[in-house]
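Throughout, protein chains are lettered first and strands after them, A, B, ... in sequence-line order, and every chain is numbered starting at 1.
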2 protein chains.
Amino acid sequence: MNVGQAAEQAGLPVKTVRYYADIGLVEPQGRSEAGYRIYGASEVSKLTFIRRARAFDFSIGDCRELLGLYQDKSRSSRDVKAMALKRLEQIDGKLEELHKLRDELARVAKECRGDNRPDCPILDSFSGQENA
Amino acid sequence: MNVGQAAEQAGLPVKTVRYYADIGLVEPQGRSEAGYRIYGASEVSKLTFIRRARAFDFSIGDCRELLGLYQDKSRSSRDVKAMALKRLEQIDGKLEELHKLRDELARVAKECRGDNRPDCPILDSFSGQENA
DNA sequence: CCGAAACCTTCCGTTTACTGGAAAGTGTAG
DNA sequence: CTACACTTTCCAGTAAACGGAAGGTTTCGG
């Protein structure tokens, strides 16, 4: 199948699939006489795999590593779990940070009357003139 | 004061302060005879302002806009509040997404024994072979 | 069989918000 | 005077693609 179909099956934009081929992440089975990339079910699996891993915020580098584990039938699940737990930790950190951010922004937004007058607690908080 | 001191006071890397000058976000008061950027308290305030806004995930474009409002003494707080609420919405969306992600990753990681055997629910979930 | 539409190719530039480094000039402390 | 810290500009690169141009291919319909 051509790149378009492979992309559709994997749920990725065509450009992205080509990009992944360019960086050697998922190379097509081969090329047609006209130079078209040819993909098979196995490549679609890998692309799908990557789409999902990316949705978990794994970097392309991580994906490369995970794909290696994915294809290595003799890998130990320990390695994979270690990566997953590390990522989980990162996500938790990000979540916490984002939560704090959200709450602070919500707080200052709530304090702002949102009228025609210029005084605005939001901007005050940015400039470090909070009265809290 | 020179760029280094301004950066320190604003809590930003020197490179970043120079970058902000380059893109016309916060330009120095002037230049010394030797061509050194000269900053004053007012610029440091703006830099600090931007650092904080950036911590709220506002883009540079947003910061430019906010800085305009910040400096415009006749602005209405309504405009600022509208921006803040929009950003809040975005953050909430991101939070929700990240939460789902976290939970799913935690779930598959928990199911993974993490031993020397190759079977791994984490990788299975990536390739779409979940049994859930 | 021809022409248009819908594919596909490569290449190049753009994006975001910086960061790093090189080469060279300047200011300062001892 | 010299070492060293600080500054300048410029160039390149990062992540992970996206957008578009110019051109080749395939396929569908008449």
Report, one line per pair, each donor and acceptor closer than 3.5 Å where one atom sits in a side chain of residues 2-9 of chain B; sequence neighbours left out.
none

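- Contacts between residues 20-36 of chain A and DNA chain C, counted as heavy-atom distances below 4.0 Å, involve Arg31(A), Gly35(A), Tyr36(A).
- When heavy atoms are screened at a 4.0 angstrom cut-off, Val3(B) is found touching the sugar-phosphate backbone but no base atom.
- If you check dC8(C), dT9(C), dC18(C) against the side chain of Asn2(A), the one that comes closest is dC8(C).
- For Arg64(B) and dT16(C), the CZ to C1' distance is 13 Å, given to the nearest whole Å.
- Using a 4.0 Å heavy-atom cutoff across all strands shown, Arg37(A) reaches sugar-phosphate atoms only and no base atom.
- Remark on the helix from dC1(C)-dG30(D) to dG30(C)-dC1(D): inter-end axis angle 10°, axes from five-pair C1' superpositions, rounded to 10°.
- In this structure, Lys15(A) places its NZ atom 12 Å from P of dC8(C), rounding to the nearest Å.
- The hydrophobic clustering, which links ILVMFWY residues whose side-chain heavy atoms are closer than 4.5 Å, places Ile23(A) and Val17(A) together.
- One atom, OH of Tyr19(B), and another, C1' of dG13(D), lie 14 Å apart when rounded to the nearest Å.
- Put simply, CG on Asp92(B) and NE2 on His99(A) are 8.5 Å apart, with the number rounded to the nearest 0.5 Å.
- Using modelled atom types, no side-chain atom of Asp22(A) and backbone atom of Tyr19(A) make a donor-acceptor pair closer than 3.5 Å.
- Comparing dA17(D), dT9(D), dG20(D) against the side chain of Arg18(B) picks out dT9(D) as the nearest.
- Contact of the Leu67(A) side chain with the Val26(A) side chain is registered, since non-hydrogen atoms from C-beta on lie closer than 4.5 Å.
- Nearest approach of Pro28(A) to Arg37(A), heavy atoms of both residues: CG-CG, 3.7 Å.
- A donor-acceptor contact shorter than 3.5 Å is absent between the side chain of Arg51(B) and the backbone of Leu12(B).
- In this model, the phosphate group of dT19(C) is approached by a side-chain N or O of Thr16(B) to a distance below 4.0 Å at OP1 or OP2.
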